Amino acid sequence: MPPDFDTNMRFKFSILALLLEAIIIVLFGIFVDYDTAPLHEHLYPYFQDVHVMIFVGFGFLMTFLKKYGFSSVGFNMLIAAFGLQWGILMQGFWHMNEGKIIVDTKSMINADFSTATALISFGALLGKTSPVQMLILTLLEITIFACNEHLVTEVLEATDVGASMTIHAFGAYFGLAAAFILYCPGLTRKHENDESTYHSDMFAMIGTLFLWLFWPSFNSAIATGVKARTTAIINTYYSLAACTIVTFALSSLVDKRGKFSMVLVQNATLAGGVAVGTCADLEIHPFSAMFIGVIAGIVSVLGFQFLTPVLASKLKIQDTCGVHNLHGLPGILGGIAGIIVTAAKREIRNGHLLTPSMQAAALGSTLGIALVGGALTGAILKLPFLGQVSDQNCFDDSVYWEVPEEETAPEIHSSHHDEQSRLEVAM
Amino acid sequence: MPPDFDTNMRFKFSILALLLEAIIIVLFGIFVDYDTAPLHEHLYPYFQDVHVMIFVGFGFLMTFLKKYGFSSVGFNMLIAAFGLQWGILMQGFWHMNEGKIIVDTKSMINADFSTATALISFGALLGKTSPVQMLILTLLEITIFACNEHLVTEVLEATDVGASMTIHAFGAYFGLAAAFILYCPGLTRKHENDESTYHSDMFAMIGTLFLWLFWPSFNSAIATGVKARTTAIINTYYSLAACTIVTFALSSLVDKRGKFSMVLVQNATLAGGVAVGTCADLEIHPFSAMFIGVIAGIVSVLGFQFLTPVLASKLKIQDTCGVHNLHGLPGILGGIAGIIVTAAKREIRNGHLLTPSMQAAALGSTLGIALVGGALTGAILKLPFLGQVSDQNCFDDSVYWEVPEEETAPEIHSSHHDEQSRLEVAM
Amino acid sequence: MPPDFDTNMRFKFSILALLLEAIIIVLFGIFVDYDTAPLHEHLYPYFQDVHVMIFVGFGFLMTFLKKYGFSSVGFNMLIAAFGLQWGILMQGFWHMNEGKIIVDTKSMINADFSTATALISFGALLGKTSPVQMLILTLLEITIFACNEHLVTEVLEATDVGASMTIHAFGAYFGLAAAFILYCPGLTRKHENDESTYHSDMFAMIGTLFLWLFWPSFNSAIATGVKARTTAIINTYYSLAACTIVTFALSSLVDKRGKFSMVLVQNATLAGGVAVGTCADLEIHPFSAMFIGVIAGIVSVLGFQFLTPVLASKLKIQDTCGVHNLHGLPGILGGIAGIIVTAAKREIRNGHLLTPSMQAAALGSTLGIALVGGALTGAILKLPFLGQVSDQNCFDDSVYWEVPEEETAPEIHSSHHDEQSRLEVAM
């Protein structure tokens, strides 16, 4: 990339970001107010755990790319900071109280949740989109997410306490549909920057661990009552633990020399948290939660190993972080688990019976809306003035960031070597 | 630096540190006791969030320098571990109960707060002072801080729940005054070690994110009652979010190629948390909090971009971490916001009316005491036997730490290259 | 190591891991159930702090080795995820209720605790064992730990709220005994990979800080009642702070050029948390807690500096992470402190008097069982088909992990240099 490369982002991005923030502040001024009698202080530790997952968990999980760490953790922060403001409005419009949207610890948790959908989609598109594109995607995705969430929980009255369907599957298929539309033919051959280094893999483990540790809070935060919260915590804890053992086992088994893969340890270990989400607060028994974790681990490892390459080569869906294997398939698995559990056992939530047909409808509507919404969003993002990078400049922070010279070193070093070698040969 | 360089720190530092610890233990033995009826267990999650901010947040935020990571995170830990012991004594002497200083969760939060002032000043002086100097600065600064805090909250009866004035502005101007006195003429031209690397910037983001995430706890921890705490959490959350969007927008806008700057993302995104501190627990409405965040982001970005270079070149104030832009200006902004809010709206705290004149007096006294205290402290630190490094050895861990050989690699490598090239030329 | 090196781990590890997980799920199905009336939600923040210590704290603390970061943080996760499932069963068998093991927040904390023993032993063996060996060690150690814990707390009715004896001393001496049996003669001369790099030391500090910050939660989580918890928090907080100051002081003092050592800052600063554990919830007064922290810091620094080399050279005990100095000696110190406190002061716990003789018996039984159990376990791990690496391949991730090529760079670079030099000489 020539040093004077200009993405023309300077004014486009600044104006868009400032405009969006101005609109949000006006809408907050009109619609938002404090809770007059705050009831949810006991949820504050749950909120903080979720908050850490969104910013540190998702942010660092995506830093595995060798030259895209600034963008991963930085744009993650940008998307989340924008999304948590937009989410409170979009979710709030469905639950207005005398014309007001009430902000409290619980609605802040829900707003953080809403940003997760955009961050999951960001994972699919990582390295291939501009910040302008990502702001627009966040705006559209959270809007559509809030509608689907309302449909699932209020209209269909389905249960999805840990949001396997409404966040994980939704975010994944939304992002994959957008990735399909935004297909980069130049990336069919693996891009040289589309890989990790030793230290970037270590940074990514920070993200993995904070996601893994606080997933019980994610799945239990909006459960109703102490008992449901405790059940959701226990189920998630054991699903994750079982999933982790299976991930290590299969990671070794699918490698011909029996070696573990950091990609799998960073991602597939988390699939148990996704898959147990829908029925986390139901008393399915800890061993069922473990069983769900085991299946999630198997599905996720096999997805990374065999499905992702096929998606890229045959279906033109380039999924940078493998969100299909971490959020997509395990999210569907969570939805199916919800159908099975509600079919097998009489479960009452908020005064009405959960039925497998409504759970299935929730899963179907989520997938349909995600795919259509993602494809439409992808089409909008394809508009040429939104600054998508050329394929050759993908996965490179220096397109959008001032990067310190020193540590682009590995390449410079080796190219120096090459030059030197050539010089020496020339000698 | 010659490998046998000796800062003569061995005995000076050890004896000073052991002496201070001995004094503290004796004072604790005489004055400190447990709370007989612990009342504040509900604050423990808030305490832990603040604790993480102090050690991980501040510690890693300062690791951006390429060769000063050990000192940043290590001396941060040293200062904080010393300061939290000293702080409980200094703050406690103003609130003795039958000759005893009572330790509980709330006073531990306050003690952690007191260390923040020294850590902010450390940010201004980063890379230019010895650990002996930093212990003395911490000792003096926390002592003076506790007096000013007493003046502001007990005498003037001003409000400053998130400590925009008493911690952030105080710590910044104290540190800047000390930096002015300790001016290093050899650093007028930018020192080669006064810059970041790719990975050091990534480490710094760990600090930024934990500060950003737990700032709502910082601003709400000592608010009185559930309602005030929840209000402080909400205001801080939205101020930070708005500030972050504005920081990204302006970071791109002030760069001629429209690129984002890690310095700004690491620091200016946090200014919203500082600026909303003084009136965080007042019902100023979320959109006002956002507005404060927006102004803080603008002030902080412009400060980094235009003011810091001027401070260094014209006023001889070398501010390594730019604490003026993260804590100084936003701290003053917070104080001004407090004046405006108390002028516009009748606010009662602990049974008395908050007045703009007392808020203004609090801001003025804080700035005055910080500047005078910092200058005097700087003069003491200038005493020659305190081991300040020479200008050429600034920003270098190896002066104070055993550093592994391998990874001073970038330089060694390139110098090897040079030697090799010279050899080759010689051939 | 030849690139086609094969540890034959592929089937051995996978089958063992899957088999163990299957057994656990069956045992959970038979024995485990939810708490019918969850009582411990107020402990959830404590649980999360401990959870972070186990996975992030221990995991990153061990990443200091330059080429063993994947294994440190990855195998730590594997051991902990397995151990927390196995622990609930082993601890639960001693506290069955109508044939059922009840899972709640408190038993999850205890299960996390049980994994700490295996992780401490892992620290002694770090870099020298295969994942197959570590799964077996975890299985055996947690089983034996649960028996000893039952003996100490139920039979001897000794107090050990922060588990100085039952976790820290136990885990350390168990691991050291195993290390003695698994002695690697090829490592008598320091292995070239048995050292840190600049960035690996930074990663390790992440572990140190999260351990340091959340240790008050570790020592208080299972204390009975608000008062005991608050006392444990305060004692631990001040013991750690005092220990940190002393560690810095002595780290400088024992170095002939007065320089600080990252090994000491990463480890010895934590010894105060270990040593205050046994009597953390007793009202020993904060200054006594500080005094314990001071002694712990001294013992730990001197251990690292003078004892570890002797253990390796004379006693054939190779302690990679120095767990003897962080967990072993401070753990014994904690046990002794418990004896002294119960001798000096009448303390009642759960309706019976604590006696120094029972505290001494608890310490003795813990050390005896740990040493015998560790030695027997070491003998089992020595079975040749368990895949222990050869001495020359120790401390190297690439034996067990797919490692990105680029960043094995430091060595490759230098060897390239060598080859190049040789080529040039040949020219």
Side-chain angles (χ1 to χ4, degrees), chain B residues 4-11 13-15 17-18 20-21 24-26 28-29 32-35 37-38 40-41 44-45 48 51-52 55-56 59-60 63 69-70 73-74 77-78 81-82 84-85 103-105 108 131 199 203 206 400-404 406-409 413 416 420 424 427, chain C residues 42 45-46 49 66 195-202 205-206 208-210 212-214 216-217 226-227 229-231 233-234 237-238 240-246 248-250 252-253 255-263 265 269 283 285-288 290-291 294 410 413 417 420-421 424 427:
Chain B
D4 56 349
F5 178 88
D6 193 334
T7 53
N8 285 314
M9 281 292 96
R10 188 177 178 183
F11 296 106
F13 175 80
S14 310
I15 291 167
L18 293 174
L20 288 173
E21 188 59 42
I24 285 173
I25 293 180
V26 169
F28 263 66
V32 174
D33 212 342
Y34 302 110
D35 192 2
H40 299 303
E41 198 192 17
Y44 187 57
Q48 282 295 17
H51 214 33
V52 169
F55 285 82
V56 175
F60 273 94
T63 62
F70 289 7
V73 76
M77 188 185 188
L78 172 69
F82 169 63
L84 63 86
Q85 298 175 76
V103 178
D104 59 11
T105 309
M108 285 161 66
H199 283 147
F203 280 114
I206 298 173
Y400 297 116
W401 296 83
E402 292 171 28
V403 175
E406 208 76 25
E407 279 244 328
T408 49
H413 270 252
H416 275 195
Q420 223 172 353
E424 284 156 21
M427 273 171 30
Chain C
H42 64 287
Y46 295 79
D49 290 354
K66 67 180 172 182
E195 54 186 32
S196 67
T197 62
Y198 195 70
H199 283 145
S200 71
D201 270 329
M202 291 298 294
M205 281 303 291
I206 298 174
T208 297
L209 288 177
F210 279 105
W212 200 94
L213 291 167
F214 292 154
S217 300
V226 175
K227 189 156 190 190
R229 274 199 298 279
T230 304
T231 303
I233 288 166
I234 292 170
Y237 178 76
Y238 287 115
L240 284 166
C243 180
T244 299
I245 305 304
V246 168
F248 272 89
L250 294 197
S252 175
L253 196 63
D255 184 78
K256 60 177 181 289
R257 287 181 294 156
K259 296 194 181 185
F260 300 112
S261 148
M262 277 307 261
V263 175
V265 171
T269 51
E283 298 203 5
H285 203 284
F287 85 84
S288 306
M290 289 166 145
F291 186 73
V294 167
H413 270 252
H417 275 278
Q420 223 172 355
S421 309
E424 284 156 20
M427 275 172 30

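Every value quoted in this text rests on a predicted model; they were computed, and no experiment measured them. By convention in this document, chain letters (A, B, ...) are assigned in the order of the sequence lines, proteins followed by strands, and residues within each chain are numbered from 1. Just the heavy atoms: all of them, side chains too, but no hydrogens, waters or symmetry mates, feed the values below.
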statement: One should read off an interatomic distance between His285(C) NE2 and Tyr34(B) OH, to the nearest 0.5 angstrom, of 7.0 Å
message: Under 4.5 Å from any heavy atom of chain B, what part of Ile206(C) do you find: side chain, backbone, both or neither?
response: both
message: Hydrogens and angles aside, do Gln48(B) and Ser217(C) bring a side-chain donor and acceptor to less than 3.5 Å of each other?
response: yes
message: List the residues meeting salt bridge (charged side-chain N to carboxylate O under 4.0 Å, His left out) with Glu283(C), not counting sequence neighbours, and say none if there are none.
response: Lys227(C)
field: Step-by-step side-chain contact (heavy atoms from CB on, under 4.5 Å) determination, Leu213(C) to Val56(B)
entry: CA-CA 9 Å; Leu213(C) 291 167; Val56(B) 175; 3.5 Å; yes
message: Using heavy-atom distances under 4.5 Å, tell me whether Pro286(C) contacts chain B through its side chain, its backbone, both, or neither.
response: both
message: Would the distance check show the side chain of Arg10(B) and the main-chain N or O of Arg257(C) forming a donor-acceptor pair, the cut-off being under 3.5 Å?
response: no
- prompt: If you round to the nearest 0.5 Å, how far is OH of Tyr44(B) from CG of Asp49(C)?
  reply: 5.5 Å
- line: Hits for side chain to side chain donor-acceptor pair (under 3.5 Å) against Tyr237(C), two or more places apart or cross-chain, chain-then-number order -> Asp112(B)
message: How long is the straight-line distance from NE2 of His51(B) back to CZ of Phe214(C), given to the nearest 0.5 Å?
response: 9.0 Å
statement: Greatest number of non-hydrogen atom pairs under 4.5 angstrom with chain C, of Ile24(B), Leu18(B), Ile15(B), falls to Leu18(B)
query: Say you draw a straight line from OH of Tyr198(C) to CZ of Phe70(B); how long is it, rounded to the nearest 0.5 Å?
result: 5.5 Å
- prompt: Hey, mind stepping through Trp401(B) and Val265(C) against side-chain contact (heavy atoms from CB on, under 4.5 Å) and telling me if it holds?
  reply: CA-CA 11 Å; Trp401(B) 296 83; Val265(C) 171; 3.8 Å; yes
